[in-house]
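These notes concern the structure reproduced below.
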There are 2 protein chains.
Amino acid sequence: MRPTVQDVARQAGVSLATVDRVLNRRPGVRKVTIAKVETAIAALGYIRDISAANLAKQQAYRFAFVIPDGSNSFMHGLEAEIEAVKLHSAANRTEISIYKVPTFDSLALAATLDRLDPRHCSGVAVVATEDVVVQDALARLCQNNIPVVTLVSDTPARQGQTYVGIDNVAAGRTAGRLMGSFLGARSGKIVLLAGSMVLRDHVERHMGFDQVIISDYNQLQCLPIIESMDDSGIVKQRLRRCLAAHTDIVGIYNMGAGNRGLIEVLSADSAGNKHVVVAHELTEHTRRALNTGTFDAIIHQDAGHEVRSALRILKAQIDKTPLLAGQETIRIEIYLNENM
Amino acid sequence: MRPTVQDVARQAGVSLATVDRVLNRRPGVRKVTIAKVETAIAALGYIRDISAANLAKQQAYRFAFVIPDGSNSFMHGLEAEIEAVKLHSAANRTEISIYKVPTFDSLALAATLDRLDPRHCSGVAVVATEDVVVQDALARLCQNNIPVVTLVSDTPARQGQTYVGIDNVAAGRTAGRLMGSFLGARSGKIVLLAGSMVLRDHVERHMGFDQVIISDYNQLQCLPIIESMDDSGIVKQRLRRCLAAHTDIVGIYNMGAGNRGLIEVLSADSAGNKHVVVAHELTEHTRRALNTGTFDAIIHQDAGHEVRSALRILKAQIDKTPLLAGQETIRIEIYLNENM
DNA sequence: CTGAAAGCGCTTACAG
DNA sequence: CTGAAAGCGCTTACAG
C-alpha cells in the first residue's frame with residue numbers, strides 16, 4: 001500500500017494538520033518539526049495524491065479562453081476544440097468560458113482581459129496581438145497571480161506567461177524547403193501572401209521562408225509581400241493583379257489566412273496547377289485544395305493539442321505540479337494529400 | 001454549486017447507497033426506484049465526480065507495457081517515453097511495469113502475456129506480432145476483462161482491443177508522394193527496404209508506397225523488396241549489392257528499421273547524395289542524416305503520444321468514461337531538416 | 001430491495 | 001506553534 005498522510009504523521013509523531021502544513025509549505029511550523037516531517041516523508045517515500053487534495057480543497061478550475069471573432073477557419077477550429085473539452089470538463093471540476101473579440105482589435109482585447117474577475121478566473125489562455133495595451137493587460141493578470149498562456153502567436157517572453165504554439169520561424173523554413181524541393185530545377189518568382197506584418201507569427205514565417213530560399217535556391221526570387229488582413233476578398237483582388245503582372249511565377253506561399261480567396265483565384269486560372277502552392281492550417285477548404293491538387297502542401301498546427309496543452313499548463317501552475325516533458329511541444333505538421 | 005450524490009438522494013427521496021447503485025448500474029434496484037433517481041439526476045443536471053469516485057474505490061491502475069527488446073532505436077524511444085510517464089504516474093494512482101521480449105519471438109511474447117496475473121494487472125499495452133499464438137494470448141486477456149491496446153502495428157480487429165498507432169498504408173502513400181515530388185522529372189529505379197514482410201506495418205507501408213508510385217509516377221520503377229530483419233548489418237550488405245547491380249537508382253525508401261546501416265552505406269558512397277531517401281522514425285541517427293542531407297524526409301510517429309494515448313484509452317475503458325475525440329489519433333508526421 | 005455509517009486521502013477552520 | 005474533528009464527493013460492507 002502507498003503511504004498516506006496518516007502514515008507520515010504517525011512516523012513523524014505529529015498530527016495530520018502539521019503534515020499538511022509542511023507538505024504545502026504553510027508558515028508557522030518550527031524548523032525541528034519540519035525536519036521531522038520531511039524525514040518521515042523521505043523514509044516512507046510518500047507521494048501526495050493530488051485528486052484527494054483537490055477534492056478536499058474543493059478546488060475548481062475556472063479558465064477563460066480569449067480568441068478572435070470572425071471568419072478565420074483556423075480560429076473556428078480552435079473554438080470547436082475548446083467546446084469539445086468543455087463537454088468533458090465538468091467531470092473534472094473544470095469550468096471553461098470563451099470570450100470572442102473582434103480580430104485585429106487590440107483595445108477590445110485588452111478591455112476583455114481587464115474585465116476578467118480574479119475571483120472567478122483561475123487562468124487565461126489568449127490569442128494575443130503584440131500591442132502594448134494587450135501586453136499591459138496581460139501583465140496585470142499576472143500581477144493578480146492569474147497564470148496566462150498565449151496561443152498561436154508568440155509574445156515577448158514574460159514571467160508567468162507561457163507560449164503554446166509552433167515555432168513560426170521554423171515553420172517558414174519548412175515551407176521554404178517544401179517549395180524548393182517540389183520546384184526541383186525550375187526557376188522563377190514566388191508570390192508571398194500574409195495577413196499583416198504586425199502579426200508576429202506572419203513576420204516570423206516570412207523570415208524563415210526567406211532564409212531557406214535565399215541560401216539554397218538562388219534560381220528562385222521572392223516577390224514583395226502582399227498583405228491581405230487575412231481577408232479572402234483582398235487576397236483575391238491583390239493576387240489576381242500580381243499574377244497578371246508577372247509571367248514567370250512558379251510558386252505561391254500563403255503564410256496567413258484567407259485561403260479561400262487563394263483557392264478561388266487558382267481554380268479559375270486555367271494554368272493554376274502549374275504553380276507549387278504551400279499554405280498554412282488544415283481546414284475544410286485547404287483539405288479540398290490538397291485533394292484536388294490546387295495546393296501541394298499545408299503546414300499545420302493542431303488546435304486541439306494547443307487547447308489541451310494550455311489547460312494542462314494552467315492546471316500544473318495552479319497545482320504546482322510538474323509537466324510531462326515533451327507532451328507540451330506543439331509540432332510543425334506537414335500535410336500532403338496522402339497523410340490527411 | 002455543482003449537485004452531488006447527496007442532492008440527488010434528497011431530491012429522489014432515497015439513500016446515498018441507492019443513488020450509487022443506480023449510477024453504477026448495479027443490480028437489485030426496483031424499476032420505480034431507478035426511475036426516481038434518474039429523474040432527479042436529470043432535473044439537477046448531476047455529473048459524477050470521477051476523482052472522488054476513484055478515491056472512494058481506492059481504484060489503482062496497474063498497467064503492463066510489453067515491448068520488443070533489442071537495438072531498434074524507435075523501441076528505445078518508446079521505452080524512454082514509458083519511463084517518463086512512470087515518473088509522474090505515482091501521483092495519479094497508476095503503476096506501470098515494462099516487460100521486454102526478444103524481437104520477432106512470438107512464443108516468448110505470448111508466454112509473457114500469459115504470465116500477466118489478472119489480479120495485479122488492470123490493462124495491457126503491447127507491440128504485437130501477428131502470429132496466432134500472440135493473438136490467442138491477447139484473446140485470453142480480453143476474456144479476463146483486461147483491456148488491451150496494441151501499439152505501433154495494427155492487428156486484426158477484435159473486441160476489447162484498440163489499435164494505437166498510425167495508418168501505415170497512408171504512411172506508405174505519404175512516403176511515395178514525397179519520393180515522387182522530390183524526384184520531379186527524374187526517372188529511374190527505387191530501392192525498397194523492409195524489416196520483414198511478416199510485420200503488418202511494413203506490408204501496409206509497402207502497399208501504400210506502391211499505389212502512389214504506380215498510379216502517378218510511371219517514370220519510376222520499384223525494385224523487389226529487400227528484407228533485413230531490421231538489422232543494420234544485413235541492410236548494409238544487401239543494399240551494397242543492390243546499388244552495385246543497378247546504375248539507374250534514383251531513390252531509396254526504407255519502410256523498416258536498420259537506418260544505421262543505410263546511413264553508413266550512403267555516407268561511404270561518394271555519389272550517395274544524388275539519391276532521394278525517405279525513411280521512418282526520427283531518432284538520433286536519422287536526425288543527423290536529415291541534417292547532413294543524407295536523408296530527405298522522415299515519416300514519424302510520436303512514441304510519447306502513443307504511450308499517453310494508450311494509458312488514456314485503458315483508463316477510459318476501466319472507468320467507463322468517454323474519450324476526447326481527436327486526442328487519440330496518431331498522426332503521420334513528416335520531418336524535413338527544417339521542422340525537427 | 002433499501003439504508004445508515006464508515007472510510008478513501010487529503011484540507012480546513014477552530015481551539016488551545 | 002500544534003492538534004482533534006469535520007468535511008470534500010463518492011463507494012462499500014453490513015444490517016435489515
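Throughout, a chain's letter reflects where its sequence line sits, starting with A, and its residues are numbered from 1.
By the 4.0 Å N-to-carboxylate-O rule, B/R26 lies close enough to B/D20 to be salt-bridged with it. Here A/R93 pairs with B/D49 in a salt bridge; the nearest charged N to carboxylate O distance falls below 4.0 Å.
The side chain of A/T18 has D/dG3 as its nearest neighbour among C/dC10, D/dC1, D/dG3. Considering only the side chain of A/T33, D/dT2 comes nearest among C/dG9, D/dT2, D/dC10. The side chain of A/V5 has C/dC10 as its nearest neighbour among C/dA13, D/dG9, C/dC10. Closest to the A/A56 side chain, of the nucleotides D/dT11, D/dG9, C/dC10, is C/dC10.
B/V14 comes within contact range of the sugar-phosphate backbone alone, with a heavy-atom separation under 4.0 Å but no base atom that close. Here A/R93 lies in heavy-atom contact (under 4.0 Å) with sugar-phosphate atoms only. Across all strands shown, B/D20 has heavy atoms under 4.0 Å from base atoms, whether or not it also approaches the sugar-phosphate. As judged by a 4.0 angstrom heavy-atom cut-off over every strand, B/R2 is placed among residues making no nucleic acid contact. Heavy atoms of B/A53 sit under 4.0 angstrom from primed sugar atoms or phosphate atoms, though from no base atom. Within the 4.0 angstrom heavy-atom criterion, base atoms lie near B/R21. In this structure, B/N54 reaches neither bases nor backbone, as no heavy-atom distance under 4.0 Å exists between it and the strands shown. Using a 4.0 Å heavy-atom distance criterion, B/I34 is classed as making no nucleic acid contact.
No hydrogens or angles considered: a donor-acceptor pair under 3.5 Å links the side chains of B/K315 and B/T94.
One can place NZ of B/K57 at 13 Å from P of D/dA13, the figure rounded to the nearest angstrom. For B/N24 and D/dT11, the CG to C1' distance is 8 Å, given to the nearest whole Å. Remark: P of C/dG9 and CG of A/D49 are 8 Å apart, rounded to the nearest angstrom. One can place CZ of A/R48 at 10 Å from C1' of C/dT11, the figure rounded to the nearest angstrom. If you measure from atom CZ of A/R26 to atom P of D/dG3, you get 15 Å, rounded to the nearest angstrom. C/dG7 atom P lies 12 Å from atom CD of B/Q58, rounded to whole Å. Here D/dT11 presents its P atom at 10 Å from CD1 of B/I50, a figure rounded to the nearest Å. Across the protein-nucleic acid pair, A/Q6 atom CD and D/dG3 atom C1' stand 13 Å apart, rounded to whole Å.
Considering only side-chain N and O atoms, B/S15 lies under 4.0 angstrom from the phosphate OP1 or OP2 of C/dG3.
With A/H300 contributing its side chain and A/L282 its backbone, the two residues share a donor-acceptor pair below 3.5 Å. Panel note: side chain B/S309, backbone B/E306; no donor-acceptor pair is recorded below 3.5 Å.
Nearer the 5' end of DNA chain D, as judged by each residue's closest nucleotide, is the contact made by A/V29, out of B/S51 and A/V29.
Under the side chain to side chain donor-acceptor pair (under 3.5 Å) rule, B/Q301 has a single partner from B/E281, B/R331, B/E333, which is B/E281.
For C/dT2, the paired nucleotide is D/dA15, the pair qualifying as Watson-Crick or G-U wobble because both relevant distances are below 3.5 Å.
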